[in-house]
Amino acid sequence: MSILESLPPSTAPEYKETFVERLPLQLSLGAWLIIIIAVVSSVVVLAWPEKDVEGLTMWTFARNHSDMYIPLAEEYNAANTDKDDLKLNIFLIDGQALQRRMLSGFMSDTPVADLIEVEQGVIGKVFSGPLEDVGFVDLTDRLKSEGIYEQINEPSFSQWSTRGRIFGIPHDVHPVVLLYRHDILVEELGYDVEAIETWDEFADTLRAAQDIDGDGKADRYLLNLWYTNADMHEMLLMQAGGGFFDENDKLAIDTELNAFLMAKLITWMIGPDRIAVDAADFSAPGNELRLTGRVLAGVAPDWLTGVYQGDLPQLSGKWRAMPMPAWTPGGRRTSVWGGTCLGITKQTEDFEAAWEAAKLLYLTNETARKLWEQSLIISPVIALWDEPFYHEPVEYFGGQRLGSLFIELAPDVPTRSSSPFRNLARSEWANAMSRLYRYADQNEAYTVEALQPRARELLGEVQAEVEKQMGRNVFVRDQLTQEQEAAQ
């Protein structure tokens with residue numbers, strides 16, 4: 001007899017409750033609340049009536065864009081009342097929500113719109129996989145066969161192109177100018193600002209205007225720029241011929257030119273030759289500095305001049321615009337900042353209808369006029385640049401013919417990278433700028449000569465970090481390598 005057989009039978013009652021029967025006792029009140037909410041919400045979602053939209057759909061993230069497109073769509077629909085499949089529907093969606101829905105749809109084949117507007121900070125994510133898996137239709141051949149490619153300012157295509165193919169129609173050019181307080185610098189202090197040609201001349205000529213009371217200390221600053229504003233840094237780098245990627249989208253951030261520019265910008269923000277202040281756009285403190293004359297100038301693309309016109313009516317007549325000072329005599333007098341394109345998704349069931357809608361919304365005189373009148377943004381369509389509305393005086397800028405200036409500068413805007421790693425490079429650059437600013441502060445290093453070696457070290461670290469991340473994307477890495485080798 002075994003030990004087990006020798007034991008007396010158990011006198012404990014047999015436990016007959018199942019797991020389900022025990023469940024109410026094991027779950028807390030909070031857990032039950034979560035389950036109830038999940039069940040109810042699932043039923044509501046399943047029972048929610050799905051809106052059946054006839055015709056084409058377009059998603060945009062900008063209210064001023066949808067305000068332009070909706071009347072055009074209504075006219076388009078009125079002219080096609082017998083063709084429901086051609087009806088054009090415009091949907092304004094929050095930018096973050098649009099990005100998530102678009103990328104989710106591209107990756108999982110869930111429904112997306114026929115046409116989608118994409119902002120420049122998002123397009124790299126669209127291009128982050130194999131070329132054949134980009135969610136937008138490749139428009140390269142259609143643009144060229146219809147002669148549209150030649151009608152559009154060529155640099156405006158660069159941001160919407162990857163590996164030699166174009167996936168979006170450009171919405172804009174966004175040339176950058178220098179805005180300055182004409183009422184203070186010219187009318188009050190008598191400076192000939194328009195005669196300034198380079199950034200060094202700008203700083204040397206106007207620095208004295210920063211001292212109001214004559215005590216040798218700055219009471220206001222010449223320029224709106226800070227080490228945290230990577231968008232503005234990238235724009236200035238591109239003006240100088242630097243940047244994060246070369247023309248073949250090869251990472252090129254660790255260069256002597258970029259190190260010089262990084263050091264130069266820091267000298268504008270700290271030390272005895274400081275000329276810049278943090279007057280962030282779209283912020284109450286930044287606007288207060290402008291309204292009180294504590295910042296006397298700033299760089300601005302066309303869209304930002306439209307923002308100032310709407311947000312700072314108190315400064316009407318006090319601004320003037322001029323070409324940006326160049327980095328060297330005879331150098332580029334403009335740059336580029338921001339951008340949007342319109343892509344046709346591969347999910348559209350009628351590409352020809354979507355193509356005609358895209359041309360209506362992006363390439364017509366009516367759209368260009370509304371875009372200018374609402375936002376002071378010029379169209380990338382070269383044939384429209386002679387339209388009279390671009391060359392009329394703008395009261396907010398003292399009657400200056402602002403559109404004429406933007407159009408004069410438009411052909412010279414630099415090309416831009418559409419690398420999937422551009423946002424990463426920009427983020428790492430911003431970190432390096434912050435570190436160099438702290439280095440300058442801690443070591444009282446306020447000259448380019450003192451800062452440039454440290455800048456080069458930091459950029460070497462940035463280059464290594466971005467390259468490491470790029471190396472992990474086997475799809476883009478391999479295709480970009482092939483393209484770069486073919487280009488060399």
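These values consider heavy atoms only, across backbone and side chains, with no hydrogens, waters or symmetry-generated copies.
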Give a yes or no on whether the backbone of [Y] and the side-chain of [X] come within a donor-acceptor separation of less than 3.5 Å.
{"X": "Arg290", "Y": "Ala279", "answer": "yes"}
{"X": "Ser434", "Y": "Ala430", "answer": "yes"}
{"X": "Asp94", "Y": "Gln96", "answer": "yes"}
{"X": "Gln210", "Y": "Leu222", "answer": "yes"}
{"X": "Thr340", "Y": "Glu119", "answer": "no"}
{"X": "Ser375", "Y": "Ile377", "answer": "no"}
{"X": "Asp172", "Y": "Ile378", "answer": "no"}
{"X": "Asn77", "Y": "Ala73", "answer": "yes"}
{"X": "Asn89", "Y": "Leu56", "answer": "yes"}

Among residues at least two apart in sequence or on other chains, which ones pass ring pair (Phe, Tyr, Trp, His ring centres under 6.0 Å) with [X]?
{"X": "Phe106", "result": "Phe136"}
{"X": "Tyr76", "result": "none"}
{"X": "Phe61", "result": "none"}
{"X": "Trp268", "result": "Trp199, Trp327"}

Kindly indicate whether a cation-pi arrangement holds for Arg274 with Tyr221, taking the cut-offs as under 6.0 Å to the six-membered ring centre and within 45° of the axis.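 Because its charged atom sits under 6.0 Å from the ring centre and within 45° of the axis, Arg274 does stack over Tyr221.
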Show every donor-acceptor pair shorter than 3.5 Å between a side-chain atom in residues 403-416 and any protein atom, with sequence neighbours excluded, or say none if there are none.
from: Ser404; atom 1: OG; to: His391; atom 2: ND1; distance (Å): 2.7
from: Arg416; atom 1: NH1; to: Gly338; atom 2: O; distance (Å): 2.4

For [X], which residues count as a salt bridge (Lys or Arg N to Asp or Glu O under 4.0 Å) partner, sequence neighbours excluded?
{"X": "Glu356", "value": "Lys359"}
{"X": "Lys144", "value": "none"}
{"X": "Glu234", "value": "Arg422, Arg426"}
{"X": "Asp254", "value": "Arg456"}

Among residues at least two apart in sequence or on other chains, which ones pass side-chain hydrogen bond (donor to acceptor under 3.5 Å, both in side chains) with Thr367?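 Partners of Thr367 under the side-chain hydrogen bond (donor to acceptor under 3.5 Å, both in side chains) test: Thr364.
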For Ser379, what residues pass the side-chain hydrogen bond (donor to acceptor under 3.5 Å, both in side chains) criterion, not counting sequence neighbours?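 Once residues adjacent in sequence are excluded, Ser379 has no partner under the side-chain hydrogen bond (donor to acceptor under 3.5 Å, both in side chains) criterion.
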Determine the interplanar angle of the Phe167 and Phe127 rings, folded into 0 to 90°, and report it as parallel if under 30°, tilted if 30 to 60°, perpendicular if over 60°.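 Taking Phe127 first and then Phe167, their aromatic rings sit tilted (interplane angle of 30° to 60°).
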Filter on side-chain hydrogen bond (donor to acceptor under 3.5 Å, both in side chains), then keep only pairs touching residues 101-113, sequence neighbours left out; what's left?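 Residue pairs with at least one partner in residues 101-113: Ser108-Thr110.
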When you look at NZ of Lys346, are more than 12 heavy atoms from neighbouring residues, nucleotides or ligands closer to it than 6.0 Å?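 Check passes, neighbour count above 12.
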Distance from Gln309 atom CD to Leu402 atom CG, nearest 0.5 Å?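 CG of Leu402 is found 9.0 Å from CD of Gln309.
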